[in-house]
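A note on names: the letters A, B, ... follow the listed sequences, proteins ahead of strands, and every chain is numbered from 1.
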Number of protein chains: 2
Amino acid sequence: MAKKKPDKASLDEAAARLRSAGLRPTRQRVALAGLLFGKDHHHLTAESLHAQAAKAGVRVSLATVYNTLHQFTEAGMLSQVVVDAARSYFDTNTGAHQHFYCEDDGALIDIPGEAIAVAGVPSPPKGMAVDRVDVVVRIKRA
Amino acid sequence: MAKKKPDKASLDEAAARLRSAGLRPTRQRVALAGLLFGKDHHHLTAESLHAQAAKAGVRVSLATVYNTLHQFTEAGMLSQVVVDAARSYFDTNTGAHQHFYCEDDGALIDIPGEAIAVAGVPSPPKGMAVDRVDVVVRIKRA
DNA sequence: GCGCTTCTTTAGAATTATTCCAAACTATAT
DNA sequence: ATATAGTTTGGAATAATTCTAAAGAAGCGC
């Protein structure tokens with residue numbers, strides 16, 4: 001049988017992480033953090049995480065999944081990837097990197113941050129500061 | 001009083017454009033094309049174009065605005081800019097260029113195509129071809 | 001541990017953007 | 001003019017996300 005829940009150690013670690021981000025380590029937040037950070041970096045949507053939680057036997061409402069994703073993003077534990085007007089993707093990799101976005105099936109593929117160089121960004125309007133530079137390489141079946 | 005509708009000449013030109021794109025020059029398409037291409041390049045949403053049409057005295061349903069925006073995009077007369085998961089922006093400038101996106105107020109500002117250079121894009125997975133590379137420079141009030 | 005206060009969760013309603021639908025129209029070719 | 005195929009439209013339908021008010025847990029002081 002497949003292991004469903006993350007092990008206790010990683011859950012404890014998740015709780016600690018939450019605490020230091022100023023978030024109470026509630027059952028649902030700890031469980032979601034376990035699902036999110038217990039494995040390799042990956043991409044997800046609110047719906048997909050909600051489904052994954054259900055499969056792992058964690059009871060969480062979809063509203064809480066949305067809340068949690070936003071709180072984690074706010075806390076810098078996740079980053080949001082905007083590639084499609086229809087749905088919001090999140091990425092457990094918060095480091096500087098970019099994405100391929102497959103327009104046929106909606107898949108996201110990481111491009112390591114050091115691979116791509118963007119030169120010539122003009123200085124932003126007065127009073128504004130650059131928050132970050134996103135590069136999306138849109139690909140299609142040839 | 002402010003001029004509300006585009007002049008006849010530009011409407012005729014719009015009709016010709018539509019015809020060569022394989023679209024019947026209907027009253028609503030011609031009117032929307034007049035609003036879109038009769039002036040400098042700009043950014044818009046379905047809602048904003050619908051409102052603008054209403055103000056210009058053109059009767060068009062919102063559904064038709066959506067249809068038309070997609071058809072024009074398909075025909076290469078408009079391009080879609082994805083910067084915010086919440087709404088779809090369109091751009092009358094279909095040339096290669098990029099954008100500043102102001103996260104505070106949702107404003108889009110063009111960055112000329114020749115300004116920015118993106119180097120190091122890895123080759124896409126087998127069987128895939130790069131459709132285009134979008135760069136969004138997210139800015140905030142400093 | 002007990003009670004209190006504050007933060008969280010939740011089900012379901014509400015919102016928002018967008019698409020779908022079937023009926024009424026209209027451009028175009030004949 | 002007519003017929004035909006492509007369009008428009010209001011309103012219903014969807015989909016993703018947010019809001020709300022009430023019930024449930026955490027954390028703190030005693």
Query raised in the report: Under 3.5 Å, is there a donor-acceptor pair between the side chain of A:Gln98 and the main chain of A:Val135?
Result: yes
Query raised in the report: What is the distance, rounded to the nearest whole Å, between atom CZ of B:Arg29 and atom C1' of D:dT8?
Result: 10 Å
Report summary line: A:Asp91 meets the salt bridge (Lys or Arg N to Asp or Glu O under 4.0 Å) criterion, sequence neighbours left out, with none
**Report entry** Donor-acceptor pair, side chain of B:His97 and main chain of B:Gly95, under 3.5 angstrom
**Finding:** yes
Query raised in the report: Under 3.5 Å, side chain of A:Thr73 to main-chain N/O of A:Leu69, donor-acceptor pair present?
Result: yes
Query raised in the report: D:dT18 P sits how many Å from A:Leu62 CG, rounded?
Result: 10 Å
Report task. Determine whether more than 12 heavy atoms belonging to other residues, nucleotides or ligands lie under 6.0 Å from atom CD of B:Gln80. Result -> yes
Query raised in the report: Near DNA chain C, under 4.0 Å by heavy atom, which residues of residues 44-51 of chain B?
Result: none
Query raised in the report: Below 4.0 angstrom from OP1 or OP2 of D:dT8, is there any side-chain N or O of B:Thr64?
Result: no
Report summary line: Distance col, row B:Leu78:CG vs B:Tyr89:OH, nearest 0.5 angstrom, shows 15.5 Å
Report task. Examine the side chains of A:Gln28 and A:Arg59 and answer whether a donor and an acceptor come within less than 3.5 Å of each other. Result -> no
Query raised in the report: What stems, by residue range, does DNA chain D take part in, given at least 3 consecutive Watson-Crick or G-U pairs under 3.5 Å?
Result: C:1-30 with D:1-30
**Report entry** nucleotides 21-30 of chain D: protein proximity per nucleotide (B base, S sugar-phosphate only, - neither; heavy atom, under 4.0 Å)
**Finding:** -----BS---
Query - A:Leu108 side, atom CG; A:Thr45 side, atom OG1 - distance, nearest 0.5 Å - result: 10.5 Å
Query raised in the report: Near DNA chain D, which residues from residues 66-89 of chain A have a heavy atom under 4.0 Å away?
Result: A:Tyr66, A:His70, A:Ala86, A:Arg87, A:Ser88
**Report entry** Interatomic distance, B:Arg59 CZ vs C:dC25 C1' [rounded to whole Å]
**Finding:** 11 Å
Query raised in the report: Could you state the interatomic distance from CZ (B:Phe90) to OG (B:Ser48), rounded to the nearest 0.5 Å?
Result: 10.0 Å
Query raised in the report: Rounded to the nearest 0.5 Å, how far apart are CG of B:Leu35 and NE2 of B:His50?
Result: 11.5 Å
Report task. Quickly work out the A:Phe90 CZ to D:dA16 P distance and round it to whole Å. Result -> 14 Å
**Report entry** Donor on one side chain, acceptor on other, B:His43 and B:His41, under 3.5 Å
**Finding:** no
Query raised in the report: Counting distance only, does the side-chain N/O of A:Thr68 pair as donor-acceptor with the main-chain N or O of A:Thr64 below 3.5 Å?
Result: yes
Report task. Sequence neighbours left out, what passes salt bridge (Lys or Arg N to Asp or Glu O under 4.0 Å) with A:Arg138? Give chain and number order. Result -> A:Glu103, B:Asp134
Report summary line: B:Gln28 atom CD is separated from D:dT7 atom P, nearest whole Å, by 11 Å
